[in-house]
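Numbers here are sequence positions counted from 1.
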Amino acid sequence: MASNRMMQAIGALERAVGRLEQDVDGLVSASASSPSSPGIDPAAARAALRSLDELIADIKGSAHG
């Protein structure tokens with residue numbers, strides 16, 4: 001039972017990270033077209049998202065073992 005809920009939570013996290021990745025791509029595009037905007041650090045944002053992806057993979061591994 002708890003494993004099912006954990007898998008649902010992991011799925012929700014994966015979907016949220018996917019949406020964040022799309023948001024980062026949109027923000028990077030927007031700041032490239034508007035140089036006066038402070039923008040974001042694309043490399044840092046992508047590194048943070050990769051870190052979240054790795055954390056989710058670790059949690060998935062723990063849920064199955």
Side-chain angles (χ1 to χ4, degrees):
M1 189 68 109
S3 179
N4 185 33
R5 282 184 284 191
M6 180 177 272
M7 294 310 292
Q8 289 176 347
I10 290 169
L13 282 170
E14 289 176 320
R15 289 188 297 278
V17 169
R19 287 190 301 269
L20 284 170
E21 289 170 338
Q22 291 175 349
D23 290 347
V24 166
D25 288 341
L27 289 170
V28 168
S29 296
S31 78
S33 65
S34 176
S36 64
S37 117
I40 61 168
D41 181 345
R46 288 192 178 102
L49 291 170
R50 270 193 305 278
S51 177
L52 285 172
D53 283 336
E54 290 169 9
L55 177 61
I56 290 169
D58 288 347
I59 292 169
K60 273 182 157 176
S62 296
H64 291 295

A.B. asks: Who passes side-chain hydrogen bond (donor to acceptor under 3.5 Å, both in side chains) against Arg50, sequence neighbours left out?
C.D. replies: none
A.B. asks: How would you list, by chain and number, every residue that makes a salt bridge (Lys or Arg N to Asp or Glu O under 4.0 Å) with Asp23, sequence neighbours excluded?
C.D. replies: none
A.B. asks: List the residues meeting side-chain hydrogen bond (donor to acceptor under 3.5 Å, both in side chains) with Asp53, not counting sequence neighbours, and say none if there are none.
C.D. replies: none
A.B. asks: Distance-only check: which donor-acceptor pairs under 3.5 Å involve side-chain atoms of residues 8-18, not counting sequence neighbours?
C.D. replies:
{"residue": "Glu14", "atom": "OE2", "partner": "Lys60", "partner atom": "NZ", "Å": "2.7"}
{"residue": "Arg15", "atom": "NH1", "partner": "Gly11", "partner atom": "O", "Å": "3.3"}

